[in-house]
There are 2 protein chains.
Amino acid sequence: MTTIKDVAREVGVHPSTVSRALDPARRGRIGEPVVRRILEAAERLGYRPDTVAASLRSGRSNMVGIIVPDIANPVFSPIIGGLEDVLSARGYALIVADPQPQRTGTDDIVQRLVARRVDGLVLANVALKDNSIERCLSWKVPVVLVNRAEAEARVPSVVSDDVAGMRLAVAHLLELGHRHILHLAGPQMLSTGSLRRRGFVEAMHEAGFAPADNDIEEAEAFTREAGRAAALRLLARQPEATAIVAANDLLALGIYEALRETGRRCPEDLSVIGHNDMPLVDLVDPPLSTIRISHREMGEQTGQLLLDLIEGVRGDARYVVTAPLLIVRRSTQPPRISR
Amino acid sequence: MTTIKDVAREVGVHPSTVSRALDPARRGRIGEPVVRRILEAAERLGYRPDTVAASLRSGRSNMVGIIVPDIANPVFSPIIGGLEDVLSARGYALIVADPQPQRTGTDDIVQRLVARRVDGLVLANVALKDNSIERCLSWKVPVVLVNRAEAEARVPSVVSDDVAGMRLAVAHLLELGHRHILHLAGPQMLSTGSLRRRGFVEAMHEAGFAPADNDIEEAEAFTREAGRAAALRLLARQPEATAIVAANDLLALGIYEALRETGRRCPEDLSVIGHNDMPLVDLVDPPLSTIRISHREMGEQTGQLLLDLIEGVRGDARYVVTAPLLIVRRSTQPPRISR
DNA sequence: ACATCTAGTGCAATCGATTGCGCAAGTCAA
DNA sequence: TTGACTTGCGCAATCGATTGCACTAGATGT
């Protein structure tokens, strides 16, 4: 490994001069011909700066960490992808971490990442009240929330407009002629779960159909299995409803299973609409109507926000909400003519 | 930030003593009571070791990098998940990188990761002949290939038994009574593409049905769109075939689209079988018969292999191949009675 | 001609932990 | 009592780059 000293010796200057010449930002202070010779020598010797050493001295690691609840979740991978894109373009590396349920002792992931001197952190898994945020705050490490927000808005976040998304969904069903609409809600400790529920309730209210508590059922988690179980409960309670809006696509697919098991057909007997438009839901049977969220774009925005925070640019758009889009496929249709 | 010196001063010993006392491996050389006092002081002061400084001196970074072609690809996320699991359990962090098509100049990702002093590298994107492997080799950084292997086996790899998988697929169709079976192959520069093609050809041969070149069509990429296009070509050429085996699920879904466009039904007119068993293919219409590969497990194995390599344990299982499993759903059925 | 800048480099400290080597005190055998 | 070890810990160098400060020339101002 050739170091900065080797280059310095080769050119006959001091290491510090090499350091400056190599950094475009500070190159200005160095004479033009010297810079040229240094660049040439560095190239010739195959010099690669040691990021670790630089980090130690400068205090910046050029790394950011992201904490996701489940990497395999199709919602998070595009977020990671978008994030990685903008970060690597600016020379940052992304380290992804999965909060293992119970690892040895008190060293949780946030701490581990901070010990690695990450310059910033992205949290994709916060609950409405979440203490990892406080820890980041107390350590003064820049943080951006993505996908899910917290109850108090203490740190920047990038989320979809969940309430607006539910408005779109409800409006679509209303327009089709549905009147008795149910909601399969997600976990209420998550912003996505609670905001979407609120969106549903508000939209129904405004249309003059105040939903009863009985019209809403909460799933234990954002999974197919939890969706199936909750749908079974909900359908048993409200057999004459004509449509159901799910808090996310996985839940909607769970509803599909429940419908099959109880001998109902979608959309003939019951219209179903999801949320997220994750990959492949256009190919399920029937193709799922849903609300599209551009997760990749959210990842990119998150990267921007975080970089601004790290580099001290006071971009004032601290709370980015992206606009959802209604995607109509074949799981929704007008209700059958009721007597 | 409290450093090792602070702890040393607090306890009244030398920093090096603290360093040793804190490392379980070298703790033995230090007196028991001193260790206890150091541990206590470290805890009380909230000491967190600075990973960066440790890396600089020790040469180990406790980080490994993984290079994936596309994070959003549902095949890679479980691999990353499994990998991250075993790595973080051993104190390693995982940094994921996406090879941007053309970034500035010659500093490709491999170089960038090596500059970050990663202790090892996982390549999930190698082509059959790939020069990033040579670079890793020349830099002497431990490497493990996953999902796709290279032509010459110079470095350890973890892959599914693609040939065996295709045998399962072909055997299944044969057993159903199919005789004229087509293959929608993947890119032949990738091991998955070429091995699966070979598996198909071999299995057919052994059954006594030598496939003609005309029975095989190569898709440009492992995508739905490429699958659709290739399927269109293939079906135009071989209209009387009764079954088609795709080199992967995405390709199979492309076939679905092509079938719909040409007014054929699956499985009545044509049986289709995929490969990978990626999430949600059990919900498409019709539910896809396929070959299951346990990607998460592959990720875990990859992690083990890499750790062994890094830590010098000569685990001799250098080339892990996992066994594929046939999953029969509803996209395959016996062919219609031909005249 | 003299004081004042300014541009271009060199010097040396520093970041925080690791580690080879050395030294002192204690143990044990002869 | 002495010599050979062992145990426990301190010393100081080191990893590779960054950075505040000092210094030297030549340029500028008056």
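Keep in mind it's a predicted model, so treat the numbers as computed, not measured. Here is how names work: the chains are called A, B, and so on, in the same order as the sequence lines, proteins then strands, and each is numbered from 1.
Ion pairing of E134(A) with R154(A) is present here, as a side-chain N (NZ or NE/NH1/NH2) and a carboxylate O approach within less than 4.0 Å. Under a 4.0 Å N-O distance rule, the pair E32(B)/R36(B) qualifies as a salt bridge.
When all heavy atoms of P99(A) and I109(A) are compared, the closest pair comes out as CB-CD1, 3.1 Å. When every heavy atom of G65(B) is checked against every heavy atom of L94(B), the shortest pair comes out as C-CD1, 4.4 Å. Here the shortest heavy-atom pairing between D119(B) and I310(B) reads O-CG1, 3.5 Å.
Relative to the axis of its first five pairs, the axis of the last five pairs of the helix from dA1(C)-dT30(D) to dA30(C)-dT1(D) sits at 40°, rounded to 10 degrees.
V159(B) has its side chain out of reach of Y319(B): every pair of non-hydrogen atoms, C-beta onward, lies at least 4.5 Å apart. Two residues are said to be in side-chain contact when any heavy atoms from C-beta on lie closer than 4.5 Å; Y47(B) and I4(B) meet this criterion. Contact check for I66(B) versus I80(B): side-chain heavy atoms found under the 4.5 Å cut-off.
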Where do N or O atoms of nucleotides 14-16 of chain C meet protein N or O atoms at under 3.5 Å, pair by pair?
{"unit_1": "dT14(C)", "atom_1": "O2", "unit_2": "R57(A)", "atom_2": "NH1", "d": "2.8"}
{"unit_1": "dC15(C)", "atom_1": "O2", "unit_2": "R57(A)", "atom_2": "N", "d": "3.2"}
{"unit_1": "dG16(C)", "atom_1": "N2", "unit_2": "A53(B)", "atom_2": "O", "d": "3.2"}

Enumerate the protein-to-nucleotides 7-9 of chain C contacts in which both atoms are nitrogen or oxygen and the separation is below 3.5 Å.
{"unit_1": "dT9(C)", "atom_1": "OP2", "unit_2": "G31(A)", "atom_2": "N", "d": "2.5"}

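Atom CE of M1(B) is surrounded by more than 12 heavy atoms from other residues, nucleotides or ligands within 6.0 Å.
Atom P of nucleotide dA17(C) and atom CD1 of I38(B) are separated by 13 Å, given to the nearest angstrom.
Not a single donor-acceptor pair under 3.5 Å links the side chain of R117(A) to the backbone N or O of S61(A).
Residue contacts for R27(B): at a heavy-atom cut-off of 4.0 Å it reaches no nucleic acid atom on any strand shown.
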